[in-house]
Every structure is written in structure tokens, then in C-alpha cells.
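These values consider heavy atoms only, across backbone and side chains, with no hydrogens, waters or symmetry-generated copies.
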Amino acid sequence: MLNRTALINPAFLAKVGQAMREAVTASAGAMGIGIAGAYNRHGAQSLRVVHRRGRFSGFEFFDAADRDVTGQVIGALRQHGMPESAQ
């Protein structure tokens, strides 16, 4: 489950940014859809990123319970920025 604490954590936001880059790279194939995951510190997938090439809103974010959390994640990235490298 994705919570507000994760969405302000610079290390987790860096993992989200990495997953976004991986999804964009994966969408370069013939289908134009790329999927990547952001994992928490225990190794469990806490966020799934879907990128659809050619769409206006190309990214969609889903939590571990398969709920659409796109608005929350985009809002957190806009508010807190996307750190490139956080430990």
C-alpha cells in the first residue's frame, strides 16, 4: 500500500523516477507500452509504472493493490521534485 510518507521520501521518489525511465525505455518496442516497478526497502513492489507511447498523459501509476494512484504520484513529484540520486 502506498502512503503519504513514501511520497515525500527522496529515496522512494528517486526509485519512482528510475521506474519511469525504465518504462519509457520498455515502451520503445512494437506495442508502445512499457511497464516497470518501484520497490520498497523490503524488496516488495509498491508501485507499478505504465507508459503508453503516443498518449497525452503517457504515465499511469498503480499501487500494490492495483489502485490507480496517478494523481497522488504526479502531485508528489510536482511538489517535492524528482531527485536524481538519493540513497
If hydrophobic clusters are built from ILVMFWY residues whose side chains come within less than 4.5 Å, do [X] and [Y] share one?
| X | Y | value |
| --- | --- | --- |
| Ile33 | Phe62 | yes |
| Val24 | Val73 | yes |
| Ile74 | Val16 | yes |

Shortest non-hydrogen separation from [X] to [Y] and the atoms involved:
| X | Y | answer |
| --- | --- | --- |
| Ala14 | Arg21 | O-NH2, 4.5 Å |
| Ala19 | Ala38 | CB-N, 4.2 Å |
| Ser27 | Gly34 | CB-N, 3.5 Å |
| Ala76 | Leu7 | CB-O, 3.4 Å |
| Gln45 | Ala64 | O-CB, 3.6 Å |

State the [atom1]-[atom2] distance between [X] and [Y], to the nearest 0.5 angstrom.
| X | Y | atom1 | atom2 | result |
| --- | --- | --- | --- | --- |
| Leu13 | Gln79 | CG | CD | 10.0 Å |
| Leu77 | Gln72 | CG | CD | 12.0 Å |
| Phe61 | Met20 | CZ | CE | 4.5 Å |
| His51 | Ile35 | NE2 | CD1 | 12.5 Å |

Under a 4.5 Å cut-off applied to non-hydrogen side-chain atoms, are [X] and [Y] in contact?
| X | Y | value |
| --- | --- | --- |
| Thr70 | Phe59 | no |
| Leu47 | Val69 | yes |
| Thr5 | Phe12 | no |

Practice task
Please confirm whether the backbone N or O of Glu60 pairs with a side-chain atom of Arg48, one donor and one acceptor, at under 3.5 Å?
Solution key: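 No: the side chain of Arg48 does not pair with the backbone of Glu60.
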